[in-house]
Amino acid sequence: MRRLTPPTHLLRAFSSTARYGSISRAAEALMLTQSAVSKQIQELERWVDVPLFQRERRRLSLTPAGQRYEAQVRPLLAQLEAATLELITHRDGGGALKLSTLPTFGAKWLIPRLPRFQQAHPQITLNFVPYVEGYDFHRADLDASILFGDGHWPGAVAQYLTGRELVLIAPPAPRDQALLRTPQDIRSFTLLQHSSVPQAWLHWCQAHGVTGVNPLHGPQLDQFHSLIRAVMAGMGLALVPDCLVADDLAAGLVSAPLRDGYTDTQGYWLVYPEDRAQLGALTQLRQWLHDELSAAPGLRPA
């Protein structure tokens, strides 16, 4: 009976070619010649006796059967690579962990604290991969992500970290602080909006009974870091997680005239697939994040 598991190098050539849509680009990524990749794809097609690619002139595209097969092969290759890397790098509960994080949270909260993590867990290597919108744990280069949202990502485990507690920040000028004594006073200011959290001011106004203002109107920025910098420059007011702005408040770069303790529904979460929950490095990171947040004033992990 013929084996039903093709050699891994044939599957990798197939998946890489499907991903890049080009044999030459796949060959470059795999550090092989174009001829070698082409022969491996042909060998795989003979193996399964099913055409996987359509070849029209110089264009290469997956057949319907190839599309279904690649969608199943890709996560299996990613899991195999992750398992092998964990086996190779595992040392006394350590290993390498591939993590992505939102840029502002990484720069303002996580990175400044990482020396403590390194000191406590020298056997663990954190490898940061570029953050992209959403998440794709079928990728071989991603074990976990720190995402912003309501905690619901299908097919993934989400552990709340921080970020639900928002603070209204204003420019540090005394004149602006004098004009901002009650929630109703925001009507005299420009409301800066986060493009990914468009309802923030609406919820804040509803919670404080503020009327006579359009809470959806105002310049939109795509990162909390940009909002904080815009407030420093005097562009208006912003709602930001207090975990991101504590240092700026302490340094007097922005002010928080209304300390109202407002809590929203969205925050930062550590998100990972169930099949990686037992990774030694991920387990250590989860516990360390919990301990850091438990020790931080005003930040309570769920």
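Taking 4.5 Å as the limit, every side-chain heavy atom of Thr265 sits out of range of all side-chain heavy atoms of Arg164. Here the side chains of Leu110 and Phe128 are in contact, with some heavy-atom distance below 4.5 Å. Ile41 is listed as a side-chain neighbour of Ile23, based on a closest heavy-atom distance under 4.5 Å. Side-chain contact between Leu147 and Trp153: present, with at least one pair of heavy atoms (C-beta onward) separated by less than 4.5 Å. Under the 4.5 Å side-chain criterion, counting only non-hydrogen atoms from C-beta, Asn127 is not in contact with Leu99. Proximity of Gln287 to Asp291: side-chain heavy atoms (C-beta onward) are separated by under 4.5 Å at one or more points. Using a 4.5 Å heavy-atom threshold, the side chains of Pro241 and Phe224 count as touching. Taking 4.5 Å as the limit, some side-chain heavy atom of Pro219 sits within range of a side-chain heavy atom of Thr190.
In the hydrophobic clustering of this structure, Leu80 does not group with Leu76; members are Ile, Leu, Val, Met, Phe, Trp, Tyr whose side-chain heavy atoms approach within less than 4.5 Å, directly or through other members. Under a hydrophobic-cluster definition in which Ile, Leu, Val, Met, Phe, Trp and Tyr are linked whenever side-chain heavy atoms come within less than 4.5 Å, directly or via other members, Trp47 and Phe53 are assigned to the same cluster. The hydrophobic clustering, which links ILVMFWY residues whose side-chain heavy atoms are closer than 4.5 Å, places Phe14 and Tyr20 apart. Under a hydrophobic clustering in which Ile, Leu, Val, Met, Phe, Trp and Tyr are joined whenever their side-chain heavy atoms come within less than 4.5 Å, directly or via other members, Leu179 and Trp201 fall into the same cluster.
Across Ala281 and Leu97, no two heavy atoms sit closer than the pair CB-CB, 4.0 Å. Residues Pro112 and Gly106 share a closest heavy-atom pair of CD-O, 4.0 Å. Summarising the geometry of Asp150 relative to Gln266, their closest heavy-atom pair is N-OE1, 4.1 Å, with the distance given to 0.1 Å. Of all heavy-atom pairs between Glu292 and Trp109, the closest is CB-CH2, 4.1 Å. The two residues Thr17 and Ala13 make their nearest non-hydrogen contact at OG1-O, 2.8 Å. In plain terms, the two heavy atoms of Tyr69 and Pro6 that are nearest each other are OH-CG, 3.7 Å.
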Pair Leu221, Gln193 - check side chain to side chain contact (heavy atoms under 4.5 Å, CB included), show working. CA-CA 6 Å; Leu221 296 95; Gln193 311 281 341; over 6 Å; no

Between Leu258 and Thr182, does the side chain to side chain contact (heavy atoms under 4.5 Å, CB included) criterion hold? Intermediate values first, please. CA-CA 7 Å; Leu258 304 178; Thr182 70; 5.5 Å; no

Apply side chain to side chain contact (heavy atoms under 4.5 Å, CB included) to Leu30 and Arg12, showing your working. CA-CA 9 Å; Leu30 295 170; Arg12 191 165 297 283; 3.7 Å; yes

Please assess Glu165 against Tyr262 for the test side chain to side chain contact (heavy atoms under 4.5 Å, CB included), listing each intermediate value before the final yes or no. CA-CA 6 Å; Glu165 296 74 24; Tyr262 175 70; over 6 Å; no

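The environment of Glu28 atom CD is sparse: at most 12 non-hydrogen atoms of other residues, nucleotides or ligands sit within 6.0 angstrom. In this structure, His203 places its NE2 atom where more than 12 heavy-atom neighbours from other residues, nucleotides or ligands lie under 6.0 Å away.
In this structure Arg187 satisfies the salt bridge (charged side-chain N to carboxylate O under 4.0 Å, His left out) test with no other residue, sequence neighbours excluded. Residues passing the ring-ring contact (aromatic ring centres under 6.0 Å, His included) test with Tyr268 are Phe105, Phe148, sequence neighbours excluded. With sequence neighbours excluded, the residues that form a salt bridge (charged side-chain N to carboxylate O under 4.0 Å, His left out) with Asp248 are Lys108. Partners of His121 under the ring-ring contact (aromatic ring centres under 6.0 Å, His included) rule, at least two apart in sequence or in another chain, are Phe117.
For the atom pair OG (Ser226) and CD (Gln220), the distance works out to 12.5 Å, reported to the nearest 0.5 Å. Once rounded to the nearest 0.5 Å, the distance linking CG of Leu270 with OG of Ser145 reads 8.5 Å. Between the CG atom of Leu44 and the NE2 atom of His9 there is a distance of 9.5 Å, given to the nearest 0.5 Å. Taken from CD in Gln54 to OG1 in Thr63, the straight-line distance is 6.0 Å, to the nearest 0.5 Å. In this structure, the separation between CD1 on Ile124 and CD on Gln284 is 5.0 Å, given to the nearest 0.5 Å. Leu285 contributes atom CG, which lies 7.0 Å from atom CD1 of Ile146 (distance to the nearest 0.5 angstrom).
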For residues 31-40, run the donor-acceptor check on the side chains, cut-off 3.5 Å, and write out each pair with its distance to 0.1 Å, sequence neighbours left out.
unit_1	atom_1	unit_2	atom_2	d
Thr33	OG1	Ala36	N	3.1
Ser38	OG	Gln42	NE2	3.4

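Checking Asp185, Ile186, Leu192 one by one against Leu237, the side-chain contact (heavy atoms from CB on, under 4.5 Å) holds for a single residue, Ile186. For the side-chain contact (heavy atoms from CB on, under 4.5 Å) test with Val240, the passing option among Val231, Leu168, Leu166, Val167 is Val167; the others fail.
Checking side-chain atoms of His208 against main-chain N and O of Trp204 turns up a donor-acceptor pair under 3.5 Å. Side-chain atoms of Thr104 do not come within 3.5 Å of backbone N or O of Gln223 as any donor-acceptor pair. For the pair Ser22 (side chain) and Ser24 (backbone), a donor-acceptor distance under 3.5 Å is present.
Using a cut-off of 4.0 Å between Lys/Arg side-chain N and Asp/Glu carboxylate O, Asp143 and Arg276 are scored as salt-bridged.
Other residues sharing the hydrophobic cluster of Leu216, ordered by chain and number and joined by side-chain separations under 4.5 Å: Leu202.
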